[in-house]
Amino acid sequence: MRQPLKIGQKEYKFKKDAIAYYRAILNAYDFGQSLNESDYEDLIDLLDYDYFNDLVEIENSDQNIEEETDSNVVDNVEIEDINLVIEDIKVARVQFNTKCFEVFFNDKT
């Protein structure tokens with residue numbers, strides 16, 4: 001049986017239900033508005049979900065690379081630990097007056 005999609009504490013029976021939920025959040029705001037606290041937390045959960053899924057994919061691909069190599073030596077690229085913190089999430093205007101979420105970090109990016 002199919003397992004529900006879990007993002008944060010919320011579970012969705014289908015992927016399209018999750019998309020509809022986040023689309024409703026997006027459409028509830030005008031351009032330039034910051035998200036309220038509960039919507040902000042839901043977006044952070046979504047970003048964490050994507051981040052952790054990417055980590056799993058990277059880990060699985062690294063295991064496949066190790067299995068395919070003749071030696072146990074695999075070049076590891078170290079990334080500096082940068083303390084990026086999300087300061088705000090706003091609704092932004094993009095091409096053809098469509099909306100998107102814009103994430104503002106503490107390093108002004």
Side-chain angles (χ1 to χ4, degrees):
M1 184 171 218
R2 178 178 221 167
Q3 288 193 358
L5 176 66
K6 186 172 182 178
I7 301 174
Q9 297 301 316
K10 292 186 172 28
E11 288 187 3
Y12 305 94
K13 188 171 182 179
F14 301 105
K15 183 178 175 180
K16 66 180 180 178
D17 296 337
I19 292 170
Y21 177 76
Y22 288 103
R23 183 173 290 141
I25 292 174
L26 182 65
N27 290 326
Y29 293 89
D30 291 328
F31 296 115
Q33 274 188 308
S34 294
L35 301 183
N36 67 29
E37 188 65 31
S38 66
D39 291 341
Y40 175 88
E41 293 299 325
D42 288 341
L43 252 305
I44 295 297
D45 290 340
L46 180 64
L47 293 171
D48 286 343
Y49 176 83
D50 188 41
Y51 174 74
F52 289 123
N53 281 340
D54 284 345
L55 286 180
V56 169
E57 279 185 28
I58 290 169
E59 187 175 294
N60 288 340
S61 68
D62 286 346
Q63 288 174 357
N64 290 341
I65 290 172
E66 287 178 15
E67 291 172 0
E68 293 174 1
T69 58
D70 293 333
S71 66
N72 292 333
V73 178
V74 177
D75 292 335
N76 291 325
V77 177
E78 292 186 25
I79 299 173
E80 291 183 28
D81 187 21
I82 300 172
N83 292 324
L84 285 179
V85 177
I86 296 175
E87 290 184 345
D88 196 13
I89 300 176
K90 294 183 178 183
V91 173
R93 182 186 317 247
V94 289
Q95 191 174 14
F96 306 117
N97 282 336
T98 56
K99 294 179 178 180
C100 71
F101 294 111
E102 188 172 20
V103 179
F104 294 89
F105 293 94
N106 62 335
D107 69 345
K108 306 301 179 210
T109 58

So Phe14 and Leu5, do their side chains get closer than 4.5 Å, heavy atoms only? no
Tyr21 side chain near Asp42 side chain, heavy-atom distance below 4.5 Å: yes
Side chain to side chain contact (heavy atoms under 4.5 Å, CB included) between Ile25 and Phe101, intermediate numbers included: CA-CA 10 Å; Ile25 292 174; Phe101 294 111; 4.0 Å; yes
From CG (Asp17) to NZ (Lys15), nearest 0.5 Å: 12.5 Å
Donor-acceptor pair, distance only, cut-off 3.5 Å: does the side chain of Asn106 make one with the backbone of Val85? yes
Quick check: is Ile19 connected to Val94 through a chain of hydrophobic side chains (ILVMFWY, heavy atoms under 4.5 Å apart)? no
Calculate, to the nearest 0.5 Å, the distance between atoms NZ and CD belonging to Lys13 and Gln3 respectively. 14.0 Å
Assess whether side chain to side chain contact (heavy atoms under 4.5 Å, CB included) is satisfied between Glu87 and Lys108, documenting all intermediate values. CA-CA 9 Å; Glu87 290 184 345; Lys108 306 301 179 210; 4.0 Å; yes
For Asn97, side chain to side chain donor-acceptor pair (under 3.5 Å) partners two or more places apart: Arg93
Does the ring of Phe31 carry Lys99 above it, NZ/CZ under 6.0 angstrom from centre and within 45° of its axis? yes
Test your reading of the model: is there a side-chain donor-acceptor pair from Asn27 to the backbone of Arg23, 3.5 Å cut-off? yes
Is the shortest distance from a Lys or Arg side-chain nitrogen in Lys10 or Asp45 to a carboxylate oxygen in the other one below 4.0 Å? no
Identify the heavy atoms of Asp88 and Ser34 that sit nearest to each other, and give their distance. OD2-OG, 2.8 Å
Of all residues at least two apart in sequence or in a different chain, which pass the side chain to side chain donor-acceptor pair (under 3.5 Å) check with Asn36? Tyr29, Ser38
Show the nearest heavy-atom pair for residues Gly32 and Lys90, with the distance to one decimal. O-CD, 3.7 Å
side-chain contact (heavy atoms from CB on, under 4.5 Å) with Ile86: which residues, sequence neighbours excluded? Tyr40, Ile44, Leu47, Ile89, Val103, Phe105
